[in-house]
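As structure tokens, the structure follows; a few thoughts come after it.
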Amino acid sequence: MNYWLMKSEPTTYSIEEMRRDRTCIWDGVRNYMARNFLQQMKVGDFCFFYHSNTKIPGIVGLVRVSEAHLVDPTQFDEKSPYYDPKATPESPRWQTVRVEFVERFPQIISLAELKNYFDPDELLLVRRGNRLSVMPIAPDIYDRILKLKLNSPANPW
DNA sequence: GCCAACGTTGGC
DNA sequence: GCCAACGTTGGC
């Protein structure tokens, strides 16, 4: 079992939409390192759902991989903002996964809180200059984040 | 809105 | 293959 964190801007796709849809294809990732992590995901892996580029950035819920090794269909769609003219159905460039909703956390675990509790060497997310939208989470760090969720005082979101 | 950090592109 | 220019991410 592996653990991950995936970022989404809530104006693009939020945890509320994820809860409504129950499942979605995690399309639109156009960074090779992030794609390589997506390729390593297995059915049943857990992913933290992170809201980025918003007033209070942070982890807002949990999803689970329900299908692995999917071809991202948006790369072939000329009308999609994620269209990639260099990708063809014969040799696609971008793979991804389908995820299913698990839970929306009662409180956000804010980036500020995560920075307080974790060192940059344990959690990629709080490493300076990090821009990865898909990243691995070590199992022990995953457990500690879940405990934070239970213990963290109510904060606004 | 600013800007640091970083990835990508393309000329050479 | 180098590297300057440019575009994007995303916190603040």
Side-chain angles (χ1 to χ4, degrees), chain A residues 2-19 21 24-41 45-63 65 69-99 101 103-138 141-142 144-149 151-157:
Chain A
N2 293 308
Y3 303 96
W4 310 91
L5 180 146
M6 306 199 296
K7 296 180 182 175
S8 183
E9 301 193 9
T11 53
T12 303
Y13 195 73
S14 69
I15 189 71
E16 287 82 6
E17 288 165 283
M18 183 78 238
R19 178 168 59 182
D21 297 343
C24 74
I25 292 184
W26 204 261
D27 59 20
V29 171
R30 294 293 179 270
N31 169 284
Y32 288 105
M33 200 180 300
R35 182 204 64 181
N36 294 345
F37 287 133
L38 286 166
Q39 288 174 335
Q40 293 170 33
M41 290 185 182
D45 284 359
F46 286 100
C47 308
F48 286 123
F49 195 114
Y50 178 93
H51 278 179
S52 66
N53 204 10
T54 186
K55 196 146 195 170
I56 304 173
I59 296 171
V60 293
L62 193 63
V63 298
V65 176
H69 310 293
L70 300 181
V71 171
D72 182 340
T74 61
Q75 66 192 304
F76 310 125
D77 177 2
E78 289 185 42
K79 281 163 286 184
S80 167
Y82 307 123
Y83 176 62
D84 182 348
K86 291 178 181 162
T88 63
E90 296 74 36
S91 61
R93 288 190 159 191
W94 305 106
Q95 290 81 31
T96 188
V97 295
R98 176 178 288 278
V99 293
F101 178 79
E103 72 168 306
R104 175 190 188 273
F105 293 162
Q107 290 105 221
I108 188 171
I109 305 172
S110 70
L111 178 61
E113 198 174 352
L114 290 164
K115 282 180 171 168
N116 265 331
Y117 281 92
F118 297 100
D119 292 330
D121 58 322
E122 338 178 83
L123 184 60
L124 262 173
L125 182 74
V126 300
R127 210 168 287 179
R128 197 170 103 101
N130 165 65
R131 292 186 342 195
L132 256 190
S133 66
V134 177
M135 67 186 75
I137 303 283
I141 303 299
Y142 175 82
R144 285 170 60 197
I145 292 175
L146 280 188
K147 280 178 191 144
L148 263 188
K149 179 199 97 174
N151 299 337
S152 63
N155 49 26
W157 82 290

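Throughout, protein chains are lettered first and strands after them, A, B, ... in sequence-line order, and every chain is numbered starting at 1.
- With rounding to the nearest 0.5 Å, the separation of CG in A/Asp27 from CG in A/Leu38 is 10.5 Å.
- In this structure, CG of A/Leu124 is placed 17 Å from P of B/dA5, rounded to the nearest angstrom.
- Around CZ of A/Phe118, the count of heavy atoms belonging to other residues, nucleotides or ligands within 6.0 Å exceeds 12.
- With contacts defined as side-chain heavy-atom distances shorter than 4.5 Å, the pair A/Trp94/A/Tyr32 qualifies.
- Between the CE atom of A/Met135 and the P atom of B/dC6 there is a distance of 13 Å, given to the nearest Å.
- Of the candidates B/dA4, B/dC6, C/dG10, B/dA4 carries the atom nearest the A/Arg128 side chain, counting heavy atoms from C-beta on.
- Per the geometry, CG belonging to A/Leu114 stands 12 Å off P belonging to C/dC12, to the nearest Å.
- Checked against a 6.0 Å centroid threshold, the rings of A/Phe48 and A/Tyr3 do not count as neighbours.
- Summarising the geometry, the separation between CD1 on A/Ile108 and P on C/dG11 is reported as 10 Å, rounded to the nearest angstrom.
- Within the helix from B/dG1-C/dC12 to B/dC12-C/dG1, the inter-axis angle between the opening and closing five-pair segments is 10°, rounded to 10°.
- A residue-by-residue look at A/Asn53 and A/Arg131 shows that A/Asn53 has its nearest nucleotide of DNA chain B further toward the 5' end.
- Computed from coordinates, the A/Ile59 CD1 to C/dG11 C1' distance equals 16 Å when rounded to whole Å.
- Using a 4.5 Å heavy-atom cutoff, the side chains of A/Leu62 and A/Phe105 are in contact.
- At whole-Å resolution of the value, OH in A/Tyr50 and P in C/dG10 are 8 Å apart.
- The side-chain contact (heavy atoms from CB on, under 4.5 Å) search around A/Pro120 returns A/Arg127, not counting sequence neighbours.
- Residue A/Lys115 is classed as a sugar-phosphate contact, given heavy-atom separations below 4.0 Å to backbone atoms only.
- Using a 4.0 Å cutoff on non-hydrogen atoms, no part of residues 80-92 of chain A comes near DNA chain B.
- Side-chain N/O atoms of A/Lys7 include one lying less than 4.0 angstrom from OP1 or OP2 on C/dG10.
- Taking atom CG of residue A/Asn31 and atom C1' of nucleotide B/dT8, one finds them 10 Å apart after rounding to whole Å.
- Between the OH atom of A/Tyr32 and the C1' atom of B/dT9 there is a distance of 12 Å, given to the nearest Å.
- Between A/Phe49 and A/Trp26, the angle of the ring planes goes over 60°, which puts this pair in the perpendicular group of the 30/60° scheme.
- One distance of note links CG of A/Leu124 with CD1 of A/Ile137; it measures 7.5 Å at 0.5 Å rounding.
- A side-chain N or O of A/Thr74 and one of A/Arg30 form a donor-acceptor pair less than 3.5 Å apart.
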